[in-house]
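Report on one structure; see the data block that follows.
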Amino acid sequence: MPAIEADRRGEARANLDRARILGHYRTMTRIRAFEEAAEQALKDGHVKGAVHLSIGQEAVASGVCANLALDDFITSNHRGHGHTLAKGADMTAMMAELFARATGYCQGKGGSMHIADFRVGMLGANGVVGAGIPIAVGAAHAMKLARDRRIVVCFFGDGAVNRGPFLEGLNWARIFDLPVLFVCEDNGFAATTRTRSVTGGPGPSARAESLGIVATPVDGNDVVAVDAATADLVDRVRGGAGPQFLHARTYRLRGHTAADAATYRPAAEVEEHWRDDPIRRCADLLALDGVPRAELDALADAARSEAAAAVAAGLAAPHPDIALAWTDVQDVGAAARGVA
Ligand SMILES: Cc1ncc(C[n+]2csc(CCOP(=O)(O)OP(=O)(O)O)c2C)c(N)n1
């Protein structure tokens, strides 16, 4: 990293105050609590469809989204609970969606990978790897044409860099200088495969730089570092510098889906990465700064209570009416609807 860059980041880090780091701790514990509750609910048979947990990756969602205004936009992927909560979405409606209930974000018809909330700028999770990239770039192009100050953040995994939309989307963003921050959440895996074994060349940062987009590497488990790096990149994007790329290295502490025991990696490797748990790191930092452990435990407890209440509300909510199956879809034809 060039010296000036390192200095600017160091400066930004020093300026992050305790209240802001506590805010990260709160956001990350809420994400963790939501996902642990969803994991248990899946085991109990309440969740319909697949759930991909971001346990271990919470610092990326929190550190990035803390730098966005409510009306800025994000797009997400299949592992989107953290991004969605960090952007300000409603935990109760998210849990109800996982349970396929009428009070869920998609009235129970979408599940985990289709949650969107335009009121908080969340343009959608996406089950198709890489498919959020052109959506983000399209939104950024719309902002540029409208001379709108809002920007777009596009979250995707390291597996997505091997898909065509990555090349097309980043190229388009570069040539039109669009206001978009690409955030590659590099957890080392693409489903059950180590990404490096299926990736030619040095990886995500080099791919972005080959398209003329400067890549900024960051320790994705250090929420303060993610926050500081993002602050700088968001400034550049908002200032008209065009697309930026944040390469956040992290690790997923659970299987690819909540039902995947992840036996393709040694237990010792996972154990090792638990020592690098971003929430624990953040707690240690705060404790070192004088925040009482009891205060941190109380925040984590509050997050678990909130998630438990979301589970209870989800279980109490009605299932969608069967007639809703014909809404929010393209015309399926009168014959199919039985009204010919
Ligand atoms: C176009 C497409 N190909 C394959 C899949 C199956 N699939 C789902 S998630 C995934 C891995 C994605 O890896 P990455 O983008 O790194 O995200 P991560 O799961 O690591 O968060 C694959 C191959 C898919 N959903 N879409």
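Just so you know, ligand 1 is whichever comes first in the structure, and atom 1 is the first atom listed for that ligand. This one's a predicted model, so the numbers in the text were calculated from it and none came from an experiment.
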Query raised in the report: Any nitrogen or oxygen of His78, main chain or side chain, under 3.5 Å from a nitrogen or oxygen of ligand 1?
Result: yes

Query raised in the report: Can you check whether Asn77 has an N/O within less than 3.5 Å of an N/O in ligand 1?
Result: no

Query raised in the report: More than 12 foreign heavy atoms under 6.0 Å from CG of Leu145: is that the case here?
Result: yes

Query - Atom CZ of Arg281 with >12 non-hydrogen neighbours under 6.0 angstrom - result: yes

Query - Atoms of ligand 1 close to Arg163 [distance to a heavy atom under 4.0 angstrom, numbered from 1] - result: 1 (C)

Query - Atom indices of ligand 1 within 4.0 angstrom of Asn187 heavy atoms, with elements - result: 18 (P), 20 (O), 21 (O)

Is the contact between [X] and ligand 1 made by the side chain, the backbone, both, or neither, using heavy atoms and a 4.0 Å cut-off?
{"X": "His52", "result": "neither"}
{"X": "Glu185", "result": "neither"}
{"X": "Arg252", "result": "neither"}
{"X": "Asp158", "result": "both"}

Query raised in the report: Are there protein heavy-atom neighbours of atom 18 (P) of ligand 1 below 4.0 Å?
Result: yes

At what distance is the nearest protein heavy atom to [atom], and which residue and atom is it?
{"atom": "atom 20 (O) of ligand 1", "answer": "Phe189 O, 2.8 Å"}
{"atom": "atom 25 (N) of ligand 1", "answer": "Gly127 O, 2.8 Å"}
{"atom": "atom 21 (O) of ligand 1", "answer": "Arg79 NE, 2.7 Å"}
{"atom": "atom 16 (O) of ligand 1", "answer": "Gly159 N, 2.6 Å"}
{"atom": "atom 9 (S) of ligand 1", "answer": "His256 CE1, 3.3 Å"}
{"atom": "atom 13 (O) of ligand 1", "answer": "Ala190 CA, 3.3 Å"}
{"atom": "atom 2 (C) of ligand 1", "answer": "Val129 N, 3.8 Å"}

Side chains of [Y] and [X]: any donor to acceptor distance under 3.5 Å?
{"X": "Tyr105", "Y": "Asp117", "value": "yes"}
{"X": "Arg252", "Y": "His273", "value": "no"}
{"X": "Thr250", "Y": "Asn221", "value": "yes"}

Report task. Under the side-chain hydrogen bond (donor to acceptor under 3.5 Å, both in side chains) rule, collect the residues that match up with Ser62, sequence neighbours excluded. Result -> His24

**Report entry** For Val214, all residues meeting side-chain contact (heavy atoms from CB on, under 4.5 Å), sequence neighbours excluded
**Finding:** Glu209

Query raised in the report: Looking at ligand 1, does Val128 have a heavy atom less than 4.0 Å from it?
Result: yes

Query raised in the report: Do you know which of Arg79, His81, Glu97 makes side chain to side chain donor-acceptor pair (under 3.5 Å) with Ser112?
Result: His81

Report task. Can you label the angle between the Phe166 ring and the Phe156 ring as parallel, tilted or perpendicular, going by 30° and 60°? Result -> perpendicular

Report task. Can you spot which of Leu181, Val234, Leu178, Ile74 makes a side chain to side chain contact (heavy atoms under 4.5 Å, CB included) with Ile151? Result -> Val234

Query raised in the report: Charged N to carboxylate O under 4.0 angstrom, Arg194 versus Glu269?
Result: yes

Report task. Just go through Ala191, Gly80, Ala160, Cys184 and tell me whose heavy atom is the nearest to atom 23 (C) of ligand 1. Result -> Ala191

